[in-house]
Amino acid sequence: MTLPQILVFAILAATMGLFLWDRVRHDIVALAALMACVVAGLVPTAEAFSGFGHPAVITVASVLVLSQGLHNTGAVDWLARTVLPNNAGLLVSMGALIGLGALLSGFMNNVGAMALLMPVALQVSKRLDMTPGQVLMPLAFGTILGGMTTLIGTPPNLIVSGFRAEAGLGHFGMFDFAPVGVAVALAGVVFIVLAGWRLVPARKTTGAEGFDTGTYLTEVRVPEDSKAVGQTLRAFERGIEDSEAQIVGLVRNEVRMTAPHGGRRILADDILVLEADVETLAKALSVYGIRLEEEGSSSQDSETDAETAAKSARSVDDTVKAEAAKDDDEEDDAKRDEDIVLRELAVLPGSTIVGRSATDLRLRTRYGLNLLAVSREDHPPKARLRTLKLKSGDLLLMQGPAEVMTDFINDTGCVPLGERELRIPDKRMAIIAGAIMLGSVGIVTAGLLPAAAAFVLGVIASMLLRTVPPRQVYTTIDWPVIVLLAALIPFAGAMQVTGAADVLARFLVETVAQGNAIAALAVVLVTTMFLSDVMNNAATAAVLCPIALGIAGTLGVNPDTFLMAVAIGASCAFLTPIGHQNNTLILGPGGFRFGDYWRLGLPVEVLVVAVSIPMLLIIWPL
């Protein structure tokens, strides 16, 4: 091997090792790999950032925006309520839900489709007397399978199409993936609906009952008719001492006292800063007739003075807080209390709150919300809730005004798991959003414009017609994925230019497949599936495409067959919670452990191989 080839393999090994280690974000690893190639002279400096203009990258970003338009207008919510049966049995309900998820995933980002259908899945699980995980995992797998059916269903398909064009073979069409993809998706969905869901572990540690919260800090206001009025703080604690609650602060007449003396008596309209768990809080509210306080500053936030309170009143929830300030208006108080809700939220991969704590977010001063509890896999968080750094897949129990909760969900990219107050769909805007998506798909299908140009036109139309507000466009795009793709595309080019891809291809063909084209096809498919289970699927596609092209060139066979094998393999990550964002998303809500996924995932992957190899040979003959 030449020195450039050795350098490429060294960088590739280090990159994959970091992906598997999973301690550094994938986009940072990809950028580091790209910079290593630039420093080593493997990628010309002028071409280092050419990936940001790659058609696949532009198309991925555009599809995310158009998917947001379908969400904003309530088009998908309307479709779900229309299609899904209300009183059907298990098989019909599961089939309708998973089938709808697979169908939506073919025409919008499959993570978005999963997020939209999660609340519906939880309602279905409750109606069918199943654990949430028994519905969530089949739905997640169904949306992953559905993504492989069209060009825009999942980023790996767009990446494969881009590599085909760079090889001088042109882009794949919108439905070129459908013959094999639909067969594989249909077989997978049928298996999951009929038998596969039975393989899902029935984990019951989910929802509000599954929270392991430790203690947290919240504020409660003492009304005039409360039994706590006149009691000492020490007596108050004794009333609920079996739960080890304690009062750590007192706010009276806008003056805050930290660690107040236990002999101090409670007065009407005092605000108690209470350290307790969820059950203790419920008991205190019931026993003493107190209520959660949504007005004052919280111990979750470091800002407590009058200037900060005035400044926070002008923040995003300024209208809600302005109403809350009218303490003397009993009518407004009653209305505000009715608007306070408890919501279970799942933290999406890529959410803006990942890596931040309640204190960092200033949940009370910015939003007027309480973080009451956090559930994380089977490992209870050791940090205090106010300082706990949140992770993707975490399940949060939040309390606050309904309107502000909706703003928080939209701003941060979390998903509501409890029954949500759906916005009444705007029929006219929903039709417009659907027409924009169908129009973009139609332009690509008719060959009038390449996918990137067609979907960028759709984004422009969405902004002009306000199905996606211009200010929301940039927050909708999953930037870590965009950076990941843009960085790995030049790196994959370096593998081709240096001949490293051909060297690896010859090794796989001559040593592993023994020169047999069908065996080589199976090796590519299985290798891609394995890597997708342990690293990002878009990264897997970017790394494997040049190798697949090299294998096809070495054997002198149809490169499309091998590229399609990469597309299928990169879309089939079913063995771990880290292989696909949808798997990560259900980790907390389903109460799953790392090893739970293979029980259903392994049979599905075996089925995918069994169906896809013959279909590839029929539709894309060697």
K.L.:
What's the shortest heavy-atom distance between L575 and G601, and which atoms?
P.N.:
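The answer is CD2-C, 3.6 Å.
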K.L.:
What's the shortest heavy-atom distance between G458 and S440, and which atoms?
P.N.:
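Reported closest heavy-atom pair: CA-OG, 3.6 Å.
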K.L.:
Would you say S105's side chain and G147's backbone share a donor-acceptor pair under 3.5 angstrom?
P.N.:
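No.
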K.L.:
Go through M114 and L136 one step at a time and tell me if the side-chain contact (heavy atoms from CB on, under 4.5 Å) criterion holds.
P.N.:
CA-CA 9 Å; M114 180 66 196; L136 287 175; 4.3 Å; yes
K.L.:
State which residue, out of V524, V609, T540, I568, fulfils the side-chain contact (heavy atoms from CB on, under 4.5 Å) condition with M529.
P.N.:
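Checked V524, V609, T540, I568 against M529; only one passes side-chain contact (heavy atoms from CB on, under 4.5 Å): V609.
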K.L.:
Would you say the side-chain atoms of T150 pair up with the backbone N or O of G106, donor to acceptor, closer than 3.5 Å?
P.N.:
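A pair under 3.5 Å: yes.
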K.L.:
Does S351 use its side chain to pair, donor to acceptor, with the backbone of T412 at less than 3.5 Å?
P.N.:
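Yes, because the side chain of S351 sits within donor-acceptor range (under 3.5 Å) of the backbone of T412.
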K.L.:
Are the side chain of R599 and the backbone of V200 linked by a donor-acceptor contact shorter than 3.5 Å?
P.N.:
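Checking the backbone N and O of V200 against the side chain of R599, no donor-acceptor pair under 3.5 Å is found.
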K.L.:
Locate the shortest heavy-atom distance separating V557 from A517; write the atom from each residue and the value.
P.N.:
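Nearest pair, atom of V557 first, then A517: CG1-CB, 4.3 Å.
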K.L.:
Search all heavy atoms of I152 against all heavy atoms of M437 and return the closest pair with its distance.
P.N.:
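Of all heavy-atom pairs spanning I152 and M437, the closest is CD1-SD, 4.5 Å.
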K.L.:
How are the rings of F172 and W620 set relative to one another: parallel (under 30°), tilted (30 to 60°) or perpendicular (over 60°)?
P.N.:
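The rings of F172 and W620 stand perpendicular, inter-plane angle above 60°.
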K.L.:
Please name all residues satisfying ring pair (Phe, Tyr, Trp, His ring centres under 6.0 Å) with F191, sequence neighbours left out, ordered by chain then number.
P.N.:
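Partners of F191 under the ring pair (Phe, Tyr, Trp, His ring centres under 6.0 Å) test: none.
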K.L.:
Mind listing the closest non-hydrogen atom pair of L97 and L117 along with its distance?
P.N.:
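Between these two residues, the closest heavy atoms are O-CD1, 4.3 Å.
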K.L.:
Would you sort out whether L549 and F562 count as a side-chain contact (heavy atoms from CB on, under 4.5 Å), showing the intermediate values?
P.N.:
CA-CA 7 Å; L549 289 170; F562 285 82; over 6 Å; no
K.L.:
If we check side-chain contact (heavy atoms from CB on, under 4.5 Å) with S462, which of these qualifies: T73, T476, V473, L66?
P.N.:
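Exactly one pass, corresponding to L66.
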K.L.:
Does the S161 side chain pair with the main chain of N157, one donor and one acceptor, at a distance under 3.5 Å?
P.N.:
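A pair under 3.5 Å: no.
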K.L.:
Heavy atoms only: give me the nearest A187-L607 pair and the separation to one decimal.
P.N.:
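Of all heavy-atom pairs spanning A187 and L607, the closest is O-CD2, 3.5 Å.
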K.L.:
With a 3.5 Å distance limit and no angle check, can you tell me whether E605 reaches the backbone of F574 through a side-chain donor-acceptor pair?
P.N.:
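Yes, the answer is positive, given that a donor and an acceptor are paired below the 3.5 Å cut-off.
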K.L.:
Hey, does the side chain of T143 reach the backbone of A140 with a donor-acceptor pair shorter than 3.5 angstrom?
P.N.:
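Side chain of T143 to backbone of A140, a donor-acceptor pair under 3.5 Å: yes, one is there.
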